[in-house]
Asker: 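I have a structure here, written as C-alpha cells, and I will follow up with some questions on it.
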Amino acid sequence: MIENNYVKQSGGDAIVPQFCYKPLIQYNVSDTASFSHSKWDLTSKENGTWQVNAGIWPWLCYFPNFQYNEAFNTVDNYDGEAFDCDSGTGTIYQYNYSHDNEGGFMLICSPKNFDSLIRYNISQNDRKHLFLVSNSLNPDYNDPRYPGISEEETANVYNNTFYTGGGLDVTVMSQEEPGYVRMKNNLFYNEGTNTTPYWQPAHYGDEHPATVKYDHNLYYGYTNLPNNEENPIIVKSPSVELTGAYNAISIPGEPQHERGATEEEAVEGQVMTAPGTGGNGMNSVTGYQLTSASPAINAGTSLADNGGHDYFGNALADGQIDIGAHEYNGEITPPTSSTEESSSTEESSSSTEESSSTKPSSSSTEESSSTKPSSSSTEESSSTKPSSSSTEESSSTKPSSSSIEESSSTKPSSSSTEESSSTKPSSSSSTEGSSSTKPSSSSTEESSSTKPSSSSTEESSSTKPTSSSTEESSSTEESSSSMEESSSTKPSSSITEERS
C-alpha cells in the first residue's frame, strides 16, 4: 500500500509501483512531477537524454488500484500526463482528480496493457490532449501480435468528467499513436478554443481505423462528435455555433471518424453547478455536481461492477446511471419542453391566462413572477405564494427510465432565464463520504412545481398579454369568465420529458 504521500517537484515520475500484485495506491498528491523537464531538454533520443514521465502510475503490475489521488502541474515531456496505465493487467483508476497537467489526463500505454479500467475521475484544464493511447489491442482490427483479443481486454473508460477551460487548445485523442478504448457515460465539457478535437487516435500522424468506440457520452462546446457514438447527448453552448464542422478523413474509401453536430439534435440546460471552479484538493470540485435539471441525469447506460459509488460517495443503487463522475440523488426539476401545454375555455371574448412558475432561490424555495412582454399591452405581474387549500406543491423525485413525455411550455428565446437547482456539499466532507446528499431546506435549492386542483383556481405568477386584452395574474381575484391555466416548468430547446 502507498498512501498519504505528498510528492512535490520530483525530477521525473512522482509515484511508480513496479512488479507488484494488487497494490493499493491512495490519498497521494503529485505536485509538479517531471520538474527536471522545466530546466533541461530530456526528450532527445539523439543525444541520449530520452526521459519521459507521468505523475502516478504502475509498471508491470497485476491489478493495481489507484484511488483518491490528486495529480497536477506535471511538466510536459512527450508524456507528462497525470496518470498512466502501463504494461500491466487490470489497472484501475477511480475517484481521482487531475488538473493542469501539461501532458494531459491519461496515458494508456503499451501492447502489454490489458483490462485497464478508468472510472469516476475528474479532469480539469489538463493540457495538450486528454488521452494518449498506444495499447495496440482491438477485437475489430487484426493485430497479428494479439489475435482474438476480446473487448473486455481493451481499456474501458466510463463515467468520467472532463472540463477544458477558456483559452485552452486541447484535443481529446492524441494523434501520435494508435490505441483501443471503449468510452461510455463520459461528460466532455469544453469552454476552450478547440471545438473540433480528434476523437480517434492516429498511427504516427496518419489516419488509423476508428478503434475507440463511444456510447452514451455527453458533449458540450464541440461542433463535432465521434461518428460511431451510438447514443450522444449534445448540449448547446451559447458560445459555440453548431456549424457541422469536423475533421475529415482524406484517405479514399476510408470511413469518416467524425460527424458534425446539428442544432436539431442539441438540447439546452445547465449541466453542472459550477464547472471550472476546482482548485487544489480533492474536495474542491463540488462545482462538477449535476444540477437538478441536468441533461446528464439518468442519461447513461448501466454497467456491471461499477464500483458501487461515484466520485462524491453517492451510491449507484437505483440502476439509473447518470453521465459523468457525479450521480445525482437529490430532487429533480422537471425537464423543459418545446411546446406550451395549456387548457383554454372560450366562454368570454376576453380570457384570463394564468400561469404558475416556480424559481428556486439560492437559500430556499421561492416563487417569483415572470413577465412575457407584448408590444401592445400593459405588463402586470404579481408574485404569489400558494396556500395549502388551492395549490399543491410537488417535489419531483428521480424519474424512472420510462418517463412520461409531456409538452408543457414554449421554446424560450435566447434571453430567457434558465432555472436550475443543485446540491453542493460542504468542503469539509471527505472523498469517501457522500458529498451530494438530499438537500436540506437551508442550503439546497429545491425545485417545485404547482399543480392546479380540480376545485380551485391556480394562483398566477406571470402575465401574458394578448393584442386584444390585458391579461392579469393575481393571487386573490377570480374572474367570472373561465381562466386558462397552464403550469410551466423550466424551458429547454428540444424535447420535453417530465420526470416524475
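Side chains included, hydrogens not; waters and symmetry mates left out as well; all remaining heavy atoms used.
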Asker: To the nearest 0.5 Å, what is the distance between CG on N160 and CZ on R119?
Answerer: 10.5 Å

Asker: When rounded to the nearest 0.5 angstrom, what is the spacing between CE in M173 and NE2 in H129?
Answerer: 10.0 Å

Asker: Which residues satisfy the side-chain contact (heavy atoms from CB on, under 4.5 Å) test with D169, sequence neighbours excluded?
Answerer: T193, N194

Asker: Any salt bridge (charged side-chain N to carboxylate O under 4.0 Å, His left out) pairs touching residues 86-107, not counting sequence neighbours?
Answerer: D100-R127

Asker: When the ring planes of Y328 and H326 are compared, do they come out parallel, tilted or perpendicular, using 30° and 60° as the limits?
Answerer: perpendicular

Asker: Shortest non-hydrogen contact from A82 to T74?
Answerer: CA-OG1, 4.3 Å

Asker: Rounded to the nearest 0.5 Å, what separates atom OG1 in T171 from atom CG in N247?
Answerer: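 Going from the OG1 atom of T171 to the CG atom of N247 covers 7.5 Å.
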
Asker: Using the side chain to side chain donor-acceptor pair (under 3.5 Å) criterion, which residues pair with T223? Sequence neighbours excluded.
Answerer: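 Applying side chain to side chain donor-acceptor pair (under 3.5 Å) to T223 gives none.
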
Asker: Before accepting this row, confirm whether a basic side-chain N of the pair K236/E264 lies closer than 4.0 Å to the acidic partner's carboxylate O.
Answerer: no

Asker: F188 vs W199 aromatic rings, parallel, tilted or perpendicular, using cut-offs 30° and 60°?
Answerer: perpendicular

Asker: Sequence neighbours left out, what pairs pass ring pair (Phe, Tyr, Trp, His ring centres under 6.0 Å) with at least one residue falling in residues 227-246?
Answerer: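 Checked against ring pair (Phe, Tyr, Trp, His ring centres under 6.0 Å) - neighbours excluded - no pair reaches residues 227-246.
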
Asker: Nearest 0.5 Å, what's the CG-OH distance between N280 and Y97?
Answerer: 7.0 Å

Asker: Taking the six-membered ring for Trp and the full ring for Phe, Tyr or His, determine whether the centres of F105 and F131 are under 6.0 Å apart.
Answerer: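 So the answer is yes for these two rings.
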
Asker: Enumerate the salt bridge (charged side-chain N to carboxylate O under 4.0 Å, His left out) contacts for residues 55-77, please, sequence neighbours excluded, ordered by first and then second residue.
Answerer: D76-K128

Asker: With a 3.5 Å cut-off and sequence neighbours excluded, list the donor-acceptor pairs that the side chains of residues 53-62 form with protein atoms.
Answerer:
residue	atom	partner	partner atom	Å
N53	OD1	S34	OG	3.4
N53	OD1	H37	NE2	3.2
N53	OD1	Q51	NE2	3.1
N53	ND2	D13	OD1	3.4
W57	NE1	D13	OD1	3.0

Asker: State, to 0.1 Å, how close N228 and A210 come at their nearest heavy-atom pair, and which atoms those are.
Answerer: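 Here N228 and A210 meet closest at ND2-CB, 4.4 Å.
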
Asker: Do C85 and Y93 make a side-chain contact, defined as non-hydrogen atoms from C-beta onward lying under 4.5 Å apart?
Answerer: yes

Asker: As an exercise, state the distance from CD of E327 to CG of D322, rounded to the nearest 0.5 Å.
Answerer: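 Here the interatomic distance stands at 4.0 Å.
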
Asker: Verify the ring-centre separation between Y311 and Y95: is it less than 6.0 angstrom?
Answerer: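 No, too far apart.
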
